Amino acid sequence: MSKSRAEAAAGAPGIILRYLQEQNRPYSAQDVFGNLQKEHGLGKAAVVKALDQLAQQGKIKEKTYGKQKIYFADQDQFDIVSDADLHSLDANIVALTAKVQSLQQSCRHMEAELKELTSALTTPEMQKEIQELKKECAHYIERLKNIKAATNHVTPEEREQVYKEKQKYCKEWRKRKRMTTDLCDAILEGYPKSKKQFFEEVGIETDEDHNVRLPDP
């Protein structure tokens, strides 16, 4: 056993006695070991030995339930608590619980604010982004200026003329497509093969073959 472990084992009875008196609730040896091992470096064997020693000395009480022993502080050392004191303690517990919940909620709000702040841009990053946005704005302003200064704008009359021509050609497109469809349907009435085979043999290509759709009127 190392020196530090030996020192911890020697002081185990005092540490465990104070712990049981402060908590004033029953614990198994495993509970005591788990609760004190990290802070005091107590080994499991040292905890069991100290609990048995304290119980034999009458400093703590021991109860056996099946194969498990439960240890707790000697209740005779504590003052008898009246009903009024118990009610006062209960009220204090309720008040403290509410305070804890309020503090937890405040902590959650502050954590959310901190997360938002840490994810936000820093001042130098904001300054850099502002400069980049200014450059981008200047670029678009210059582009708009050039567009306004151009001399090749389409006049309303020219636009209207293009629209009328589009209407004219689309009308002709519909007319010819309808005539072709009617003619093909008439031929197919006496054709022994399918429509697809007929188109392949004749060499007809449809709008759909080229993913072309007739514009809406």
Side-chain angles (χ1 to χ4, degrees), residues 4 23 31 33-41 90-217:
S4 59
Q23 300 300 316
D31 293 334
F33 166 69
N35 295 339
L36 299 180
Q37 187 271 337
K38 185 175 181 180
E39 181 179 356
H40 299 284
D90 288 339
N92 192 28
I93 290 172
V94 171
L96 290 174
T97 300
K99 185 176 181 180
V100 168
Q101 291 174 345
S102 176
L103 290 173
Q104 288 175 335
Q105 187 174 5
S106 297
C107 285
R108 285 193 291 270
H109 287 318
M110 287 188 285
E111 287 173 353
E113 290 179 6
L114 178 61
K115 184 177 180 181
E116 184 177 351
L117 289 172
T118 53
S119 62
L121 294 175
T122 62
T123 301
E125 289 173 338
M126 287 183 179
Q127 291 173 342
K128 181 180 178 181
E129 185 163 343
I130 289 172
Q131 293 302 320
E132 292 176 352
L133 289 172
K134 285 182 177 179
K135 290 180 181 179
E136 190 174 349
C137 286
H139 168 72
Y140 285 118
I141 290 172
E142 184 65 22
R143 184 177 176 186
L144 180 60
K145 182 179 177 182
N146 293 334
I147 292 173
K148 288 182 177 180
T151 59
N152 59 345
H153 294 302
V154 178
T155 65
E157 292 78 12
E158 291 173 331
R159 186 167 56 250
E160 180 65 20
Q161 180 63 31
V162 170
Y163 177 75
K164 288 181 178 179
E165 289 182 0
K166 175 193 171 186
Q167 293 288 82
K168 173 185 175 182
Y169 292 128
C170 286
K171 182 178 180 181
E172 189 64 26
W173 182 357
R174 290 190 188 89
K175 177 181 177 182
R176 296 192 179 193
K177 184 173 182 178
R178 184 167 57 251
M179 291 171 59
T180 303
T181 301
D182 293 342
L183 181 60
C184 288
D185 289 343
I187 295 173
L188 286 170
E189 289 181 1
Y191 188 72
K193 299 180 182 180
S194 66
K195 182 177 181 179
K196 181 178 180 182
Q197 290 175 317
F198 170 68
F199 281 7
E200 290 176 352
E201 290 182 4
V202 177
I204 296 176
E205 295 181 353
T206 65
D207 295 340
E208 290 74 15
D209 292 335
H210 296 277
N211 295 320
V212 176
R213 188 174 69 87
L214 186 64
D216 294 330

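Note that the structure is a prediction, hence the values are computed from the model and not measured.
Residues Glu160 and Pro156 fail the side-chain proximity criterion, which asks for heavy atoms closer than 4.5 Å. Looking at Glu136 and Leu133, their side chains come closer than 4.5 Å, going by heavy atoms from C-beta outward. Contact of the Cys137 side chain with the Lys134 side chain is not registered, since no non-hydrogen atoms from C-beta on lie closer than 4.5 Å. Phe199 has its side chain out of reach of Asp209: every pair of non-hydrogen atoms, C-beta onward, lies at least 4.5 Å apart. Looking at heavy atoms from C-beta onward, Glu165 lies in side-chain contact with Gln161 at the 4.5 angstrom threshold.
Contact between Leu121 and Met126 at its shortest, heavy atoms only, is O-CE, 3.4 Å. Smallest separation of non-hydrogen atoms from Ser194 and Leu188: O-CD2, 4.3 Å.
Of the residues Lys177, Met179, Arg178, the one that meets the side-chain contact (heavy atoms from CB on, under 4.5 Å) test with Thr181 is Lys177.
Of the N and O atoms on the side chains of Thr122 and Glu125, at least one donor lies less than 3.5 Å from an acceptor on the other residue. No side-chain N or O of Glu201 forms a donor-acceptor pair with one of Gln197 less than 3.5 Å apart.
Electrostatic pairing of Glu172 and Arg176 counts as a salt bridge here, judged by a charged N lying under 4.0 Å from a carboxylate O. A salt bridge does not link Arg213 to Glu208: none of the charged nitrogens lies less than 4.0 Å from a carboxylate oxygen.
If you take CD on Glu200 and CD on Glu205, they are separated by 11.0 Å, rounding to the nearest 0.5 Å. Taken to the nearest 0.5 Å, the OH atom of Tyr140 stands 11.0 Å off from the CD1 atom of Ile147.
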